[in-house]
Amino acid sequence: PWWPCMVSTDPELEHHTKPKPRALLYHVQYFGDCPERGYILESNMVPFRGEEQYEQLQQANKQPGNASVPRKFRAQWSEGVGQAREALGLSLDQRMERYSYVYSPDGLRLNPHVVEQLARPPPVEELRPGETPAGEQGAASRLVPSSCRRDGAEVMVQLVPLLQGSGSEERPDSPSDCLDDPKKTERLSGARKELVCQVCEQPAEDLLACEGPCFGMFHLSCLGLTVRPEDKLLCQECTTDIHPCFVCKQTEGPAALGAALRRCYVPNCGKLYHEACARLNPLSVFDQRGLRCPLHTCLSCHLGCRSNGKATKGKMMRCLRCPVAYHVGDVCVSAGSQVVTSTALVCTSHFNAKKGYSHHSHVNVSWCFVCSKGGQLLCCESCPAAFHPDCLNISMPEGSWFCNDCRAGKKPKYQDVIWVKLGTYRWWPAEIRHPRTVPTNIQHLRHQIGEFPVFFFGSKDFFWTHQGRVFPYMEGDRGSRHQKTNIGKVFKNALLEAEERFKETKLKRETKEAQENNKKPPPYKFIKVNRPCGKVQVSTADVSEIPKCNCRPSDERPCGFESECLNRMLLYECHPQVCPNGTRCCNQDFSKRLYPDTKIIKTAGKGWGLICLRDIKKGEFVNEYIGELIDEEECRARIRFAQENNISHFYMLTIDKDRIIDAGPKGNYSRFMNHSCQPNCETQKWTVNGDTRVGLFAVCPIPAGTELTFNYNLDCLGNEKTVCRCGAPNCSGFLGDRPKVITTSEVKSKCLAVKRRKRRSEGKRSEDECFRCRDGGQLVICGKKSCTKAYHLACLGLAKRPFGRWDCPWHHCDVCGRASKAFCQLCPNSFCSAHQEGALQERPPSPSSSSQLCCLEHDLQD
């Protein structure tokens, strides 16, 4: 069939054509009430002249028996033909202004002019005797008015056939039918809940609910029935009272886990689990009411360090085959999930690699994700991640092994910037796109559950891939070396585009999170004094042990921060029973909690912060750092829990070797003070009534309305190379790194040192291929500083990786093993001064290289 469309500019390529071997593809957008685009062969396009042209095209294609428009497409086709007829009489500029799609990161949108047209009620036409409406005529099916391009090309309106028969086994009737349309979701959110059969996993309106405890929906035919029974309608599981566990799919009984099944207590859920299976999932909740299964918690929000309350609220899309749920929309849903209805999907964990499909195979990287070096690696069975067992502080496990992210259920999401391995190409930067935002012909390529389209930077191509061939792009990634070839130049541009897109996506994500959390800070319990936990104790001194200062009661502010109080100089707080000034003593700020008025605010790019509401003088007491007092063992346990749950915010500050303040769960306003490399406050450890406490004091005059900051200086545990965003002129770039004041002479010496380090680092950059066989893979690198050679263990005749420093064969004579003086430039053969005579020959220069010395194993004519 044929459909009306218009040639337009591809927003990615910024051109309207794409050359292919022995063919030329045109980028077109389809007329109608649904924004869709794709690439069409030039041979499949004809100029659009009118609606009556369709019958001629069908007869030319030898399809006279199928000349009418399919009933489900008539309204949309008629609307498209009307738009094409109107566009045919317009100029190029008018056509582009009224009918060009609006492209945005969220997807395609119709032109406002078209939206306004669709909102108008259709005109009522009077039909003459014997006439039929335009949408019912048999001369219509799928025309394609095409055209609308600038750059000096003439404007054409053409007809092209709609793509079909592209190899998709379960291809939908329309490209938009299989996609998660947000507008469609919004319309359905207020309507009756869509139902899905638990057997065939197909949505329908004529489903019947099982009246047993499973609350499942079924077709009568899927239950093996033709007529609804007069008594209760029960599924096979409820009839036999044998229910499987929703995780392991085994029924309770001797052959199962030997434990009774527990039902989720959430109304209308009905899922059953073995307790052992449920406890393996961190999203399962066991309380006094029983079990709340993971289907009621968004997995992405849980992994994304959002509050538990938010992860369990809102409308969910639940997997029909396993206990996985996401919030409705594209933000939380894993890429590659098959959306069945607005509340049901099949997640990417059910991807099945097909034999014979090379792009379905799983690929691991050849370097460690921790130290970036090769060697004997422990490879994840689900994603490309690989590690040295020593880098993970574990021994080499037996059998299959999965990384922490895969065990937790972390999946790629739409709009993520990633690295992709396709065919024999190198790891290439790309972006995961939602299927509705890619051209129609890409949507119709063969794919299955778990596969998602990726957009390759640099080359501007699309392809479908899966989790086993992608890993996340990180800030600062450079990839492999790019040669000065055509593909090398494309790869270099791809790196620049990926870096720019990553920063843009990161900024949007942070802005959105800031807007969501702008109402109030994360929950915590406000306390006024430190709370000891576990074995930690608070010391209390006897009054007789507290030192006495020499301040005079006649002073205006005795023991104040501007005075010469001996206790204040020694960082001791005066005691009212010991200090000669009694109640007039001004060195009792900790005990009396004399803090200046402050306010919690939302800062730009740094989360929450704290500002002062009055002027603060230099040296004045600002606040006390308050929280839970924990020991080192509890501190390590909390950090380990935070790392396992992707918690990146820490509020831990060390007092001494036995005690640490954790202001995360409990604290006061000081927990909101941000880091700065040029702070206006500093931490001081004071002795208050025999116990050590941490206070924050102003290091400079602070005007009212200024944000209060202090330098963490590695005192705050858990901040490992976190990017600093203080914006100070002497910013160190990372939390914990001490800022330095650099003079002019130091700048020059530093530049020279950087150049020398750069030369050394550039000279030591290892090669990506074996020096003997010229293939890539897991390589062993030479230990000499000036040597960049790398080898396969098999090419060296070794069974395992050498221990300690290892020099490659290129540095030892092949005859006697002494230090080499003459080297072959094409292989590891080398010779000492005693054996170099006659061992090497000069290879004549070629157009791509100069003359080289090579051993006798190489032919000079090669």
Side-chain angles (χ1 to χ4, degrees), residues 10-15 18 103 105 335 359 363-374 383-386 405 412-434 437-438 442 452-510 721 723 733-734 754-755 757-769 775-779 781 788 790:
D10 187 340
E12 306 293 350
L13 298 178
E14 297 182 353
H15 205 267
K18 179 190 291 187
Y103 296 95
H359 61 280
V363 179
N364 286 98
V365 299
S366 58
W367 64 88
C368 175
F369 268 22
V370 177
C371 64
S372 301
K373 296 182 180 179
C383 71
D405 287 345
K413 292 187 288 187
Y414 295 115
Q415 295 187 357
D416 281 356
V417 180
I418 55 172
W419 292 94
V420 185
K421 180 66 173 176
L422 180 62
T424 57
Y425 292 97
R426 69 185 80 188
W427 288 96
W428 202 279
E431 181 185 14
I432 301 177
R433 294 290 180 87
H434 197 284
T437 64
V438 302
I442 303 298
F452 42 82
V454 294
F455 171 73
F456 291 96
F457 293 111
S459 64
K460 313 293 185 183
D461 289 325
F462 292 92
F463 199 77
W464 290 81
T465 188
H466 58 95
Q467 183 186 2
R469 284 181 167 266
V470 303
F471 65 90
Y473 176 95
M474 303 298 290
E475 190 171 4
D477 283 356
R478 291 287 85 193
S480 58
R481 292 184 299 173
H482 45 271
Q483 295 81 14
K484 296 182 179 180
T485 59
N486 290 335
I487 191 69
K489 294 178 181 178
V490 175
F491 182 71
K492 183 178 180 180
N493 294 333
L495 292 176
L496 298 176
E497 294 177 10
E499 183 179 7
E500 182 180 357
R501 180 59 177 164
F502 179 80
K503 293 180 179 179
E504 179 184 349
T505 306
K506 183 179 179 181
L507 180 61
K508 288 183 179 179
R509 188 188 310 114
E510 292 175 350
K721 286 298 181 182
V723 177
F734 296 94
V754 168
K755 289 181 179 179
R757 286 198 302 268
K758 187 175 181 182
R759 289 173 188 155
R760 288 198 297 267
S761 62
E762 288 178 352
K764 183 53 187 169
R765 188 176 298 167
S766 60
E767 298 180 357
D768 296 333
E769 58 185 23
D775 288 335
Q778 295 186 4
L779 303 174
I781 303 172
T788 63

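Starting from 1, each residue takes its place in the sequence as its number.
Screening F452, F455, F456 for a ring pair (Phe, Tyr, Trp, His ring centres under 6.0 Å) involving F462 leaves a single residue, F455.
In this structure, CZ in F369 is found 6.5 Å from SG in C383, a value given to the nearest 0.5 Å. One finds the NZ atom of K460 at 3.5 Å from the CD atom of E497 (value rounded to the nearest 0.5 Å). Distance check: F502 CZ to E475 CD gives 5.5 Å after rounding to the nearest 0.5 Å. Considering CG of L422 and OG1 of T465, their distance stands at 7.0 Å, rounded to 0.5 Å. How far CG of N364 is from CZ of R469: 10.5 Å, rounded to the nearest 0.5 Å. Here the CD1 atom belonging to I442 is positioned 9.0 Å from the CH2 atom belonging to W464, to the nearest 0.5 angstrom.
Contact check for V365 versus P384: side-chain heavy atoms found under the 4.5 Å cut-off. Looking at heavy atoms from C-beta onward, V417 lies out of side-chain contact with P429 at the 4.5 angstrom threshold. For the pair K421 and W419, the minimum side-chain heavy-atom distance is 4.5 Å or more.
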* Report the C-alpha distance between F471 and D405 in whole Å, list the side-chain angles of each, state the deciding distance to 0.1 Å, and finish with yes or no for side chain to side chain contact (heavy atoms under 4.5 Å, CB included). => CA-CA 11 Å; F471 65 90; D405 287 345; over 6 Å; no
* Given E431 and Y473, is the side chain to side chain contact (heavy atoms under 4.5 Å, CB included) satisfied, shown in steps? -> CA-CA 9 Å; E431 181 185 14; Y473 176 95; over 6 Å; no
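Shown here for S459 and V490, the closest heavy-atom pair between the two residues is N-CG1, 3.8 Å. Closest heavy-atom contact between F491 and W427: CE1-O, 3.5 Å. Taking each heavy atom of I432 and K413 in turn, the nearest pair found is CD1-O, 3.6 Å.
Without hydrogens or angle criteria, H359 side chain to H466 main chain gives no donor-acceptor distance under 3.5 Å.
Judged by a 6.0 Å distance limit and a 45° cone about the ring axis, R501 is not positioned over the six-membered ring of F457.
The environment of CD in E769 is crowded: more than 12 heavy-atom neighbours from other residues, nucleotides or ligands sit within 6.0 Å.
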